[in-house]
> 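Below is one structure. I have some questions about it.
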Amino acid sequence: MTTTTQPTPAPEKDAPTAPTPGTVPLPEGTARLIATAGAAATSASAFLAWTWTQAFPGDLTVYGYPGGLQVLTLVGSLLTLAFLLSGYGIKGLRWLTPGGTHSPALLAALGTLGVTWYAAAAITAQLGGLVNLEPGGLFAAAASLITVVGTLGLPADTPRRGTSGTGVGSRFLHSFKAPEPHAPTRALRPWQELLCISVAVATGLWVFSYGIGTSYGELFIGFLILAGTTIASISRAGLNQRLGMITAKHRNITVSSAFIAAFLFPFTQASDANAALGTYILIFATVALGLNVVVGLAGLLDLGYVAFLGVGAYAAAIVSGSPYSPFDVHFPFWAAVLTGITASLVFGVLIGAPTLRLRGDYLAIVTLGFGEIFRIAMQNLDGTSGPDITNGPNGIPDIPELVVFGYNLGEEHSLLGFEIGRFANYYLLMLLFTAIVVLVFKRSDESRIGRAWVAIREDETAAQAMGINTFRLKLMAFALGAALAGMAGTVQAHVTYTVTPTQYKFVEAVPPNSAFLLAAVILGGMGTVSGPLIGAALLYLIPEKLEFMAEYQLLLFGIALILLMRFRPEGLIADRRKKLEFHDTGQLDVPEHPGLSKTEA
């Protein structure tokens with residue numbers, strides 16, 4: 001007897017569906033209207049007075065002129081409003097959300113809420129009670145909350161794998177993840193693509209200049225809140241994907257534009273103190289990029305890398321002509337740089353030759369020991385415990401200024417009609433060294449040796465079975481990373497005027513140190529160029545700006561790392577391999593057949 005299976009009728013498109021538990025009971029049109037009105041009201045609240053006294057920094061007592069944290073609230077609410085208006089299909093704003101409109105608006109609204117409520121909490125805590133909040137501050141807090149409630153009522157853009165995509169909790173968590181692939185939008189003309197690159201680079205320069213120029217900790221915290229959620233919202237909107245395709249198409253122009261923007265940075269600052277921060281960030285970032293060769297490309301966990309920075313700094317200080325140097329020599333600039341590079345390279349080979357036959361944790365322990373041995377040795381070379389070479393714990397002070405082609409970097413000069421000070425001079429010199437390190441890293445990454453390093457990082461045994469001389473290539477990576485760190489150390493010695501052993505501990509309150517260097521590489525994204533640069537900038541700038549939270553810096557740093565490893569283990573800037581490694585891409589999913597169920601397929 002033959003049984004006939006009746007086909008299951010397809011559900012009607014317009015058939016009503018049962019409400020899902022946990023879904024916000026708001027029609028989409030009502031939720032969008034509430035969110036739009038809340039964003040507009042939040043923008044207007046920035047022009048009201050939030051407090052009655054100027055005791056709180058930023059002068060939030062003026063009507064009609066936003067200041068301090070009010071400016072951040074205004075920027076966040078306008079961005080939220082732009083995302084919401086893009087959902088209405090307005091012709092001039094459709095390009096804002098190629099990957100979806102609802103999640104970007106939610107993230108921008110959350111950032112605005114965070115800045116506004118943080119400002120209200122800071123006013124209350126510092127001035128002693130809610131009574132110090134003017135009606136404008138209360139209105140801003142309420143309007144930003146209404147905006148978030150409205151955006152939470154919007155449906156999800158695309159359901160995530162393994163979830164229904166409905167419900168407030170699901171929407172909130174998965175809005176932080178990358179968007180699903182979307183259909184390509186209309187192609188831009190070449191001049192439009194170049195304009196997009198220019199606008200992106202100029203915006204990056206403005207954001208960095210604003211962040212480094214924040215004059216008090218409360219404003220910097222608000223800046224971090226808004227910047228983090230804004231980057232997440234732009235990513236969720238799909239703008240970063242489209243910009244990534246454009247920059248990949250015009251890679252040389254993008255890199256050149258980025259260095260031009262970095263060159264213009266000291267000319268945008270009114271104080272040389274901000275140029276000093278930029279100089280130290282570049283030193284830290286350059287050393288982190290050198291460590292990225294060792295850790296990111298070759299996969300060698302080096303916990304004593306800061307010692308190579310110290311070798312270069314001490315070598316440059318000894319030949320700099322300092323009165324405290326044991327040798328009465330004064331090398332010119334180029335010779336001092338070559339001395340620092342050579343000394344670090346030699347030490348890298350001497351340390352790497354006997355230790356690189358180890359792997360994993362054993363290699364990490366040995367390199368950590370080398371870093372401590374270097375610091376202790378520099379303390380003991382004082383003429384009492386050992387030869388008089390480094391002046392012991394006192395180090396080598398009074399290091400003279402660098403003179404490059406008759407140009408004294410310690411003096412103020414006029415360049416392009418701008419007066420630039422000492423730190424701006426060293427910033428431009430360090431920018432040149434950063435460009436050299438980036439060039440070396442890119443050429444190494446794209447070479448046959450770079451591909452061999454990646455093979456060793458992924459599986460050393462398999463690489464050796466394929467005929468790769470793993471020991472020789474690991475030693476090359478170790479030596480190259482040491483040389484790049486030594487080059488940065490030659491500039492650091494002259495910028496800081498003195499070199500002491502305490503600057504090169506494994507963990508120190510102020511970077512650079514081995515722990516923060518490794519964290520910068522992991523935070524930014526291993527194996528990339530821009531990742532360690534961004535990670536180093538954040539790890540140096542945040543402790544510098546939040547001095548009032550010095551007692552809790554390591555605690556907050558640990559919490560930030562935990563959250564990063566949970567939500568973005570591949571780092572802030574990740575290459576394609578890391579994205580595939582840490583995230584489910586669905587490449588092994590069985591494609592659905594229109595006439596079969598998933599089980600039958």
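Since we're looking at a predicted model, the values are computed, not measured.
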> Just to verify, which of I399, I318, N391 counts as forming a side-chain contact (heavy atoms from CB on, under 4.5 Å) with V499?
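Result for side-chain contact (heavy atoms from CB on, under 4.5 Å) with V499: I399.
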
> As a test of understanding, state which of L303, L539, V306 forms a side-chain contact (heavy atoms from CB on, under 4.5 Å) with L517.
V306

> Only pairs at least two apart or in different chains count here, so list each ring pair (Phe, Tyr, Trp, His ring centres under 6.0 Å) that has a residue in residues 425-458.
F265-Y427

> Could you check whether atom CZ of F208 has more than 12 heavy atoms from other residues, nucleotides or ligands sitting under 6.0 Å from it?
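For F208, atom CZ is crowded (more than 12 foreign heavy atoms under 6.0 Å).
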
> Are side-chain N/O atoms of T528 and S530 paired as donor and acceptor at under 3.5 Å?
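Absent: no donor and acceptor within the cut-off.
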
> Mind checking whether F405 and W334 have side chains closer than 4.5 Å, heavy atoms only?
no

> Looking at residues at least two apart in the chain, or sitting in another chain, which of them share a salt bridge (Lys or Arg N to Asp or Glu O under 4.0 Å) with R251?
E446

> Find out whether V295 and L518 are in side-chain contact, i.e. whether some heavy atom of one side chain is under 4.5 Å from a heavy atom of the other.
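SC-SC contact between V295 and L518 confirmed.
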
> Answer yes or no for R472 and F478: cation-pi contact, defined as NZ/CZ to six-membered ring centre under 6.0 Å and angle to ring axis within 45°.
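Negative - R472 is either too far from the ring of F478 or too far off its axis.
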
> Kindly compute the distance separating CZ (F263) from CD1 (I260), expressed to the nearest 0.5 Å.
9.5 Å

> Residues two or more places apart in sequence or in another chain: which of them pass salt bridge (Lys or Arg N to Asp or Glu O under 4.0 Å) with E411?
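Salt bridge (Lys or Arg N to Asp or Glu O under 4.0 Å) check on E411 returns nothing, list empty.
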
> With a 4.0 Å cut-off, would you call R422 and E401 a salt bridge?
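Salt bridge between R422 and E401, a charged N being under 4.0 Å from a carboxylate O: yes.
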
> Please check if the distance between the ring centroids of F370 and F308 is under 6.0 Å.
yes

